[in-house]
Amino acid sequence: MQPTRNKPGRSSGKRMLAGLAALLAAFGIHAAKAPPWMDAKLSPDARAERLLAAMSQEEKFALLYSDYAMPGDPKGRPVPKGALISAAYVAPNDRLGIPALQISDAGLGVANQGGARPHSTATALPSSLASAAGFDPALAREAGAMIGAEAFHRGFNVLLAGGVNLLRDPRNGRNFEYAGEDPLLAGSIVGATVDGIQSRHVLATVKHLAANSVETGRHITSMQIGERALRESDLLAFELAIEHGRPGSVMCGYNRVNGEYDCESAALLTTALKQDWRYPGFVMSDWGAVYSAAKAANAGLDQQSAPSFDQQFWFGPPLREALARGEVGQARIDDMARRILRSLFAVGLFDHPAKPSAGPDDVAGHATVAQRVEEAGAVLLRNRGDVLPLSPSLKRIAVIGGHADKGVMAGGGSSTVWPNGGNALPPMPPAKFPGPPVFDPSSPLKAIARLAPQASVQFAEGGDVAAAVALAKSADVAVVFATRWEAESQDAADLALPDGQDALIEAVAAANPRTVVVLETGNPVAMPWLERSAAVLAAWYPGSGGGEAIANLLFGAVNPSGRLPLSWPRSLAELPRPVLRGAGEPESAPGLAQRIDTRLDLDIEGADVGYRWYDRTGRKPLFPFGYGLSYTRYARDGFTVNEAGGKLLARLRVRNTGARAGSEVAQVYVRLPDGSPLRLAGYRKVSLAPGAQAQLEIALEPRLLARYDEASHRWVIGGGTYRFYAADSAALDGAQQVELTLPRRVL
Ligand code: GLC
């Protein structure tokens with residue numbers, strides 16, 4: 001209780017408290033004086049400073065690492081006493097009132113990989129590709145707040161969310177945890193998600209700094225890329241995500257950048273993150289990403305996560321010895337501890353301590369949030385002859401494949417949520433990390449049947465192609481679900497759907513011209529059957545409300561509004577690196593280091609990731625970034641771009657010229673006078689009733705008009721004539737164009 005101070009005009013309540021305090025004092029009883037760092041009126045920096053001053057060296061060092069908190073510790077260490085079973089744990093400091101850090105994965109919900117934490121399920125968000133495809137930061141924030149609430153409710157106060165690595169290669173096994181290929185979209189969506197999580201007083205991260213662009217070779221490969229190219233791509237996504245979300249922590253990744261391990265890179269952790277971006281929080285390592293004590297600490301690493309995964313407990317005795325030898329200064333040790341404390345104060349972990357609460361989550365309400373993210377983020381790629389939306393008066397509907405009778409696929413690895421309702425499928429290989437594969441128990445078949453009560457809705461598993469074909473032949477429409485399980489620690493070998501699903505789709509489409517394909521994948525996939533299908537819906541990994549969301553989209557209860565957060569390739573041949581040696585192998589494969597490229601030349605594309613690569617090479621992807629169909633149509637006009645007081649504002653009128661309500665994503669691209677490929681400079685999603693219109697004002701991000709200057713570490717708008725496009729994809733089809741001449745300006 002805060003001590004009352006003598007102030008004129010005190011309220012009656014305060015007078016009473018003062019009287020009580022005086023009475024107690026007469027008996028020698030004094031209200032315990034809260035320590036100065038608990039004064040919530042002070043800034044997080046001031047509170048951290050006061051607490052640090054009260055800490056012993058031992059207590060400071062106790063903050064500089066976390067312990068693994070799951071069974072199966074690589075060094076056989078038991079789950080620490082007091083830890084919830086999860087990714088990591090830092091013991092509390094009761095003397096000073098520092099809360100324990102209960103640290104859980106990840107960005108798609110409160111993970112419980114393999115069900116290691118018994119009886120603990122949670123709501124699974126869809127893949128963050130769906131969140132990005134929604135182009136809706138407000139919805140992303142709401143989703144973040146939901147998983148933050150679930151973390152808090154389970155007693156977790158750190159959620160290892162915020163995957164923001166750019167999608168450089170569509171084989172990367174973790175793209176389902178990230179937000180696509182564009183730095184503005186990824187940074188704004190992930191930043192909003194992080195902001196939502198932290199609104200529940202759960203500290204979030206952004207990860208994995210930086211250029212963790214492949215999985216199979218993540219521990220081995222060095223990403224070779226120039227400073228400007230890195231700053232204008234992967235680092236810009238982090239810079240924007242940190243600005244939008246103010247994450248308490250940043251996680252450095254496993255890979256090397258230009259030969260330097262991420263977690264030992266002063267260029268990343270100090271120069272870019274802490275100096276140029278003035279980041280006030282702390283850097284935690286990934287699990288098994290630390291290779292030194294002094295070098296890592298001096299480069300900017302503040303906390304070693306789960307030392308059991310490293311060769312040494314670097315931030316234990318080796319760091320103390322480095323301090324004693326003067327290789328690391330006391331000031332750096334203090335800075336490490338201070339940054340951690342500052343983040344804990346800033347996010348509210350002291351003032352709002354998370355503790356497991358007995359009451360249940362709002363399971364239904366949270367599933368609805370997940371469902372809305374999927375409804376907003378599934379992308380309608382094809383709809384020949386307006387086969388969709390399906391009519392509820394259909395008589396016979398065939399539903400085929402993808403375990404659609406049971407649920408919807410989720411991605412594998414540390415982000416896997418053990419869903420409410422449990423895994424819809426019995427354990428499948430791989431039993432161990434990054435498996436077992438999980439299906440969220442939200443059955444598309446059941447949801448479709450609910451929306452077409454008069455129809456005969458029959459299911460065929462798809463393994464028996466003849467049976468599936470027979471069912472399709474007899475149906476008015478056939479909906480085929482195709483899945484591809486992707487996971488952390490392994491890249492896909494190629495773009496192909498596995499397990500003969502292409503042949504199944506071909507056979508079904510040959511049997512029924514009204515064949516709709518629903519893809520549940522973690523990446524874009526090859527679609528050799530595309531021209532023979534009637535419709536294709538990219539549903540990503542659909543999450544805890546996925547079945548209902550897919551059914552609502554197929555029947556038009558919800559009008560599709562997702563837009564691709566990535567360029568959908570025709571083949572690997574058009575990528576910067578058609579061959580990715582080792583792709584398809586798990587990171588644990590024996591002798592892998594001899595079979596993969598230990599250096600990847602990211603300078604092939606540099607900052608021209610995704611649609612910028614296509615723009616530069618003059619090629620066209622199968623479907624462009626920003627693309628997505630709707631059941632209605634939109635028109636754009638009145639496009640202008642003006643600059644006032646350093647701010648760039650695009651104005652645009654968008655109209656719904658169709659007969660259904662829907663949401664359009666207005667996209668503003670820019671071409672610089674230096675001839676570099678186009679960039680997304682701003683976007684806005686707007687919902688419109690049939691015939692309605694909206695006058696949009698879209699603030700453009702100036703850094704997308706600028707080039708990064710390596711000498712000054714500044715963004716520089718070079719000046720000249722800039723061409724802006726109001727478009728509905730990076731293909732710029734039917735785009736409105738305006739030009740604006742701007743002076744040179746250093747941002
Ligand atoms: C994993 C991941 C990281 C995760 C951490 C804890 O290896 O790379 O994203 O948060 O370890 O599970």
Side-chain angles (χ1 to χ4, degrees), residues 65-74 79-80 83-90 101-117 122 127-128 147 151 156-165 172-179 190 193-194 197 202-221 238 241 247-256 261-263 282-291 301 303-310 411-418 432-435 486-491 522 586-588:
Y65 70 95
S66 62
D67 281 316
Y68 191 51
M70 299 253 274
D73 179 284
V79 173
L84 300 169
I85 292 181
S86 68
Y89 173 76
V90 177
L101 297 187
Q102 301 279 9
I103 301 170
S104 171
D105 279 305
L108 305 181
V110 181
N112 183 9
Q113 213 256 325
R117 192 169 56 253
S127 158
S128 37
I147 61 173
F156 292 108
N157 53 11
V158 179
L159 196 58
L160 303 169
V164 71
N165 295 98
N172 181 335
R174 284 189 94 171
N175 284 333
F176 75 92
E177 285 186 67
Y178 301 149
V190 172
T193 307
V194 163
I197 293 167
V202 173
L203 185 147
T205 58
V206 287
K207 67 186 187 180
H208 310 82
L209 189 68
N212 191 157
S213 310
V214 293
E215 277 303 296
T216 297
R218 62 181 175 164
H219 291 279
I220 302 169
T221 302
F238 275 89
S249 183
V250 173
M251 186 191 296
C252 47
Y254 290 120
N255 56 282
R256 285 173 290 150
Y261 280 111
D262 281 354
C263 296
F282 70 100
V283 177
M284 66 165 75
S285 73
D286 203 338
W287 274 232
V290 184
Y291 294 89
L301 181 65
Q303 189 180 69
Q304 179 182 9
S305 304
S308 294
F309 285 79
D310 292 313
S414 56
S415 70
T416 304
V417 174
W418 208 250
K432 291 267 181 260
F433 182 88
E486 306 191 54
E488 177 181 347
S489 80
Q490 55 191 52
D491 298 317
E587 67 181 355
S588 54

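Order of appearance sets the numbers: ligands from 1, and atoms from 1 within every ligand. Counting from 1, the numbers follow the sequence of the chain as shown. No experiment lies behind these values; they were computed from the predicted model shown.
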For atom 7 (O) of ligand 1, closest protein heavy-atom neighbour: Tyr254 OH, 2.7 Å

Of the backbone atoms (N, CA, C, O) and the side-chain heavy atoms from C-beta on, which set of His219 has a member under 4.0 Å from an atom of ligand 1: side chain, backbone, both, or neither? neither

When you check the side-chain N and O atoms of Asp310 and Gln304, is any donor under 3.5 Å from an acceptor? yes

Specify the protein heavy atom at minimum distance from atom 1 (C) of ligand 1: its residue, its atom name, and the distance to 0.1 Å. Glu488 OE2, 3.2 Å

Can you sort out which atoms of ligand 1 are near Ser414, meaning under 4.0 Å from one of its heavy atoms? 1 (C), 2 (C), 4 (C), 12 (O)

By number and element, which atoms of ligand 1 are closer than 4.0 Å to a non-hydrogen atom of His208? 3 (C), 8 (O), 9 (O)

Hey, are the side chains of Phe238 and Val206 touching, using non-hydrogen atoms and a 4.5 Å cut-off? yes

Please work out whether any backbone atom (N, CA, C, O) or any side-chain heavy atom from C-beta onward of Met284 is under 4.0 Å from ligand 1, and answer side chain, backbone, both or neither. neither

Would you kindly say whether Ser308 and Asp73 are connected by a side-chain donor-acceptor distance under 3.5 Å? yes

State the atoms of ligand 1, each with its element, that fall below the 4.0 Å cut-off from a heavy-atom position in Lys207. 3 (C), 4 (C), 9 (O), 10 (O)

Here the pair of heavy atoms bringing Asp491 nearest to Val214 is OD2-CB, 3.5 Å

Looking just at side-chain N and O atoms, do Tyr89 and Asp67 make a donor-acceptor pair shorter than 3.5 Å? no

Would you mind checking which non-hydrogen protein atom is closest to atom 12 (O) of ligand 1, with the distance to 0.1 Å? Asp105 OD2, 2.5 Å

Nearest protein heavy atom with distance in Å, relative to atom 3 (C) of ligand 1: Asp286 OD1, 3.3 Å

When you measure from the heavy atoms of Arg174 to every atom of ligand 1, does any distance fall below 4.0 Å? yes

Could you check whether any side-chain heavy atom of Phe156 comes within less than 4.5 Å of a side-chain heavy atom of Leu84, counting everything from C-beta outward? yes

Atoms of ligand 1 less than 4.0 Å from Arg218 heavy atoms? 7 (O), 8 (O)

Is the Tyr178 ring parallel, tilted or perpendicular to the His208 ring (thresholds 30°, 60°)? perpendicular

Considering only NZ, NE, NH1 and NH2 on the basic side and carboxylate oxygens on the acidic side, decide whether Glu486 and Arg174 come within less than 4.0 Å. no

